[in-house]
Q: 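This is the structure I have questions about; it appears just below.
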Amino acid sequence: MHKIKRLFTITMLFINLPEAITTRKLSFYLAMEEFVARHFDADDCFFMWRVEPSVIFGRNQQIENEVNMDYCRRHRIQVYRRKSGGGCVYADKDNVMLSYISNGEQVGQAFNRFINMMLLVFRKMGVDAVGTRHNDILIGGRKVCGTACYHLPGKSIVHSTMLYDTNMEHMLNAITPSTEKLQSKGIQSVRQRITLLKDYVPLNIEETMALIRTTLCSNERTLTLEEVAAIEQLEENYLREEFIYLM
């Protein structure tokens, strides 16, 4: 289990989008992580995002084995592949998606730093949370954050899904159930494995995001419209069918 270190200083740079930028597809934020990693010199950068109902799966996963495409089409749930490993995740506007970009070659160190930072946030909210060896964060033995990471030259990108709230029916049905899930009993069994932050804090989701930002970041930087355009160009790589379907 992760334990919060006493000598733990945080001086992260928060990355803002221009005010005119509205909510984007999940692929935009994946491209934004990569752009920041490739072009920003700050040691530690951080931003948060929320998306319309989406499924995101790992770089080595086969979409037909992980995603219930018929259900996603019927419910207009978008599907994306990320460049990190790990499992399949459902996300919507009731989740908070967290992106951390760190200098250094050691992915394990980036994981540990991120988990410790988030445990500090939970402690500040008065929530007793713990980290696991699989880089999840649990409250009362149930997962509230899952985390994945990948490496670029000189940089590590960590992204995490925080379950503030979620559409449980979509979470269950958008992702192809494993044998274990089929043997258990639907939404109730999923609810026994995960927990929702809203059940532990008096804050709404916007207040929660504000607390995360003020706890973790000491400075900020707003992207220029030219940088946004460059991210949009990079985003095209995440939208190619060859990338999503491994064609």
Q: Is there a side-chain hydrogen bond (donor to acceptor under 3.5 Å, both in side chains) between Gln78 and Ser54 once you walk through the steps?
A: CA-CA 5 Å; Gln78 301 299 308; Ser54 304; over 6 Å; no

Q: Taking side chain to side chain contact (heavy atoms under 4.5 Å, CB included) as the criterion, tell me which of Asn167, Thr161, Leu163 meets it with Tyr90.
A: Asn167

Q: Determine whether the side chains of Asp44 and Tyr100 contain a donor N or O and an acceptor N or O closer than 3.5 Å.
A: yes

Q: Counting neighbours of CD on Glu19 that are heavy atoms of other residues, nucleotides or ligands and sit closer than 6.0 Å, is the number greater than 12?
A: no

Q: Say whether Glu66 and Thr176, considering side chains only, have a donor N or O and an acceptor N or O under 3.5 Å apart.
A: no

Q: Write down the atom of Val158, the atom of Ala110, and the distance for their closest heavy-atom approach.
A: CG2-CB, 4.0 Å

Q: Run the numbers on Tyr71 and His170 for ring pair (Phe, Tyr, Trp, His ring centres under 6.0 Å), then give the verdict.
A: CA-CA 9 Å; Tyr71 183 89; His170 284 351; 5.6 Å; yes

Q: Could you check if a side-chain atom of Ile194 sits within less than 4.5 angstrom of a side-chain atom of Arg142, using non-hydrogen atoms only?
A: no

Q: Mark yes when over 12 heavy atoms from residues, nucleotides or ligands other than Asn204 sit less than 6.0 Å from its CG; otherwise mark no.
A: yes

Q: Please check if the number of heavy atoms outside Asn65 that lie under 6.0 Å from its CG is greater than 12.
A: yes

Q: With no hydrogens and no angle check, just 3.5 Å: does a side-chain donor-acceptor pair link Glu235 and Ser27?
A: yes

Q: Between Phe243 and Tyr238, is the ring centre distance below 6.0 Å?
A: yes

Q: Check the surroundings of atom NZ in Lys25: do more than 12 heavy atoms from other residues, nucleotides or ligands lie under 6.0 Å from it?
A: no

Q: Restricting to non-hydrogen atoms, name the atom on Leu152 and the atom on Glu34 that form the minimum distance, rounded to 0.1 Å.
A: CD1-CG, 4.0 Å

Q: We want to know whether Thr147 and His159 form a side-chain donor-acceptor pair, criterion being a heavy-atom distance below 3.5 angstrom.
A: no

Q: Would the distance check show the side chain of Asn95 and the main-chain N or O of Met97 forming a donor-acceptor pair, the cut-off being under 3.5 Å?
A: no

Q: For the backbone of Gly146 and the side chain of Ser160, can you confirm whether one donor and one acceptor N or O come within less than 3.5 Å of each other?
A: yes

Q: To the nearest 0.5 Å, what is the distance between CD1 on Ile157 and SG on Cys45?
A: 10.5 Å

Q: Just wondering, do Lys155 and Ile101 contact through their side chains at under 4.5 Å, heavy atoms?
A: yes

Q: So does Gln233 have more than 12 non-hydrogen atoms from other groups sitting under 6.0 Å from CD?
A: no

Q: Just to verify, which of Thr166, Leu172, Asn173 counts as forming a side chain to side chain contact (heavy atoms under 4.5 Å, CB included) with Glu169?
A: Asn173

Q: Distance check, rounded to the nearest 0.5 Å: Ile231 atom CD1 versus Glu236 atom CD?
A: 13.0 Å

Q: Under a 4.0 Å threshold between the charged nitrogen and the carboxylate oxygen, would Arg213 count as salt-bridged to Glu220?
A: yes

